[in-house]
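Okay, structure first, notes after.
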Protein chains: 2
Amino acid sequence: MVVGIDNAVTATKSTISSAKKTPPTLSSDSVINFARGDPTMYESYWRKLGDRCSMVISGNDLMSYFSNPGNLCWFLMPELDHAIRRLHGVVRNAIADDDRFIVVGTGSTQLFHALLYALSSPNEPEPISVVAAAPFYSSYPEETEFLRSGLYKWAGDAYSFNKDGPYIEVVTSPNNPDGAIRGAVVNRKGGKLIHDLAYYWPQYTPITGRANYDVMLFTFSKATGHAGSRIGWVIVKDKEIATKMVKFIELNSIGVSKESQLRAAKILGVISDDCLNSGPNKEENFFEYGQHLMSERWEKLREVVKRNGVFSLPKYSPDYCNFSGEYTDHNPAYAWLKSKEGLNSDNLLREHKIVTRGGTKFGVGSKYTRISMLSSDDEFNLLLERLSAIKVTTNGNY
Amino acid sequence: MVVGIDNAVTATKSTISSAKKTPPTLSSDSVINFARGDPTMYESYWRKLGDRCSMVISGNDLMSYFSNPGNLCWFLMPELDHAIRRLHGVVRNAIADDDRFIVVGTGSTQLFHALLYALSSPNEPEPISVVAAAPFYSSYPEETEFLRSGLYKWAGDAYSFNKDGPYIEVVTSPNNPDGAIRGAVVNRKGGKLIHDLAYYWPQYTPITGRANYDVMLFTFSKATGHAGSRIGWVIVKDKEIATKMVKFIELNSIGVSKESQLRAAKILGVISDDCLNSGPNKEENFFEYGQHLMSERWEKLREVVKRNGVFSLPKYSPDYCNFSGEYTDHNPAYAWLKSKEGLNSDNLLREHKIVTRGGTKFGVGSKYTRISMLSSDDEFNLLLERLSAIKVTTNGNY
């Protein structure tokens, strides 16, 4: 199928090279953006792996709408299905045995919508309430509300939810923005839970057990850093829910990019191979690399924050990680910064040319703000430098 | 960036080979499915092109969420933007000059949703009516209705629409299912038009002019046959509409697969190159190939339908095609079959192991049914064979 590969490479090199923009040079004047969780910090790891993760796609590959017509999720490629189940088995972070259904989506965002559709019903007298404990992921409210659906509606902070009847609670653990390990909060009859486990991977948190919830949401973006591929997956126990999710994705986009699925399968497969390699040529696997890098960054950040005394950070206790076989620290994908003096943290940091996402977007006060820990090394170092420069002046101003 | 390509190919060959299932052998007992528009008939063309359309993606490519942060559509890859505008210029089927915005989507289906969102308003007292002239694309009603949006609602056949106030009319031309060339039907104040031009390409219809509507929807699936990539695009004049569409795709899936975008850019680019090639080595370009193949299929189908006398097909007059520089026939992607005796066409064909999509799904009677003309050669030949075998018996039954 792959004929005359030299030509293919020649022809394609130009395509991809031009797709890779040189990042703008950072200067002391540059505004640096930490508001988004763009996981560019993993790029150097994948570059180091060279051709082991390369894939070649010919013009006549992957043309049909269908990936696996006999499967409930007919647009899920069997290679990705296999790679997902295998990786969860290797990492031991979730039960993905063959009796569970896997539904693939265009990122976990499309799957969040698919879940709202699957867990609600057109036969109910009013839209089902959707809640999450504050601070919650800043996009949940708008994603739930923006189409003014009659099936579901955003009902805010789970801690203050006191309506009778069915509801959906989104439990994000480790939590975005604050890295907390969480359980359901409402715990009432008629509740349906979405467990968003996007960050339940060894680089961010100790793997303390195999998650075994009804509905578990994961995303390629945060697992490996491949945000541009837009691949997410849900592991679901109930066939009816899986069927409704598949229906949603049919009606929303008639399936999910096969190119991305195949690439995700390849990359997840390489990670599993490396994790299982105990031979003499064993190198640092992806999660070990990520864990070391995140650990180092958190140490540096804590040091700077401690030294300047303006902010505080959440504290986490180490836990035994089943994946690494040792006690490891929590190194969340975001730093949840709190201004000690109760000032607006986001505004304060913007004055120092650091763009973050303020606490009000997460359903809490403006003394909090969220900083991505997943940026490139250059940007992260500049962040440390600028944070160091924020000092309390003698009159109490910053 | 692509290092040790031999290894990459070795590693990847197995991945893609296993992704390509051998199609089940067709026997005289096989039920054949023509209900879907899976464009598998183009595979052999792309296979013939060999490595000219191959692309290599390394593990560290395409990782960021962002494709072009300075662009209104920040997730659209510049390569695809360029390839789309260039192809429309070459084919002369639509104006895609630099003053128009291009928004990419996960297939044209996601863009249809984005358009409903962009053309409606949360400030209106009631949902905006969405109409299309019957027979209309069978998915429009369900796509519009399934989330019970308070922003828009399906209002049925445009011919019988007589409500005052704003509305959205979807104009599909050439039309799915019947191949008709169409204009707007309602033509009242407050109307907003979506022109779905998925089939306005030379293999299906003569290109009679450069379409210049406010909102024009295209899809990679039907243009080139790459349905598995889930790439569609909209050319839009108004900045505010483009901005709202981008917002929809942000909230629905945070962008569109970069792997698919880059592959679409590559393939559209090869088509443009070949169309522009007037050198001595000029070979049949993609649209010439498609036009010949569709023309041949339609001739055979008309012959069989004429001979057995059970059904009729729409008639179209040839038109001058600006792309090919000659009069060409309309060769729609679907055959819109009508049973002469007013029987249920879909049921009748199912008895002969041919699955189609019945007229009621398109807003008209069951004497009509839609047959995909885009299947593989083997399936299409079996279709002709089975249609030939349907005969009126002496008692008037089939």
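To find a chain, count down the sequence lines: A is the first, B the second, and so on, and within it residues start at 1.
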Atom pair CG (A/D51) and OG (B/S58), whose distance is rounded to the nearest 0.5 Å: 8.0 Å
From CD1 (A/I57) to CZ (B/R263), nearest 0.5 Å: 5.5 Å
Backbone of A/Y65 reached by a side-chain donor or acceptor of B/D38 within 3.5 Å: yes
Non-hydrogen side-chain atoms of A/M63 and B/M41 separated by less than 4.5 Å: no
Portion of B/S120 that has a non-hydrogen atom of chain A nearer than 4.5 angstrom: neither
Side-chain (B/S149) to main-chain (A/L147) donor-acceptor, under 3.5 angstrom: yes
Which of A/I267, A/T109, A/L251 touches chain B most, by non-hydrogen pairs under 4.5 Å: A/L251
A/H113 side chain near B/N252 side chain, heavy-atom distance below 4.5 Å: yes
Chain A interface, residue from B/S260, B/G269, B/G105 that has the most non-hydrogen pairs under 4.5 Å: B/S260
Top of A/T106, A/L49, A/L111 for chain B proximity - count of heavy-atom pairs under 4.5 angstrom: A/T106
Option in B/E259, B/R148, B/R36 with maximal non-hydrogen atom pairs under 4.5 Å from chain A: B/E259
Choice from B/G107, B/P39, B/G225 maximising heavy atom contacts with chain A below 4.5 Å: B/G225
Rounded distance [0.5 Å steps], SG in A/C53 versus CG in B/N60: 9.0 Å
Side chain B/R230, main chain A/I254, donor-acceptor under 3.5 Å: yes
Segment of B/V270 engaging chain A (4.5 angstrom heavy-atom cut-off): neither
NZ on B/K258 to OG on A/S257, rounded to 0.5 Å: 13.0 Å
Engaged part of B/T40 at the chain A interface, taking heavy atoms whose separation is under 4.5 Å: side chain
For chain B, the option from A/S44, A/P122, A/S64 that forms the most heavy-atom pairs under 4.5 Å: A/S64
Close side-chain approach of B/K247 and A/E142, heavy atoms under 4.5 Å: yes
Top contributor to chain B interface from A/P127, A/S139, A/G255 [non-hydrogen pairs under 4.5 Å]: A/G255
CD-OG distance between A/E143 and B/S253, expressed to the nearest 0.5 angstrom: 10.0 Å
Aromatic plane relationship, B/F248 with A/F146 - under 30° parallel, 30 to 60° tilted, over 60° perpendicular: tilted
Proximal component of B/H226, with respect to chain A [non-hydrogen, under 4.5 Å]: both
Chain A interface, residue from B/S229, B/G150, B/G232 that has the most non-hydrogen pairs under 4.5 Å: B/S229
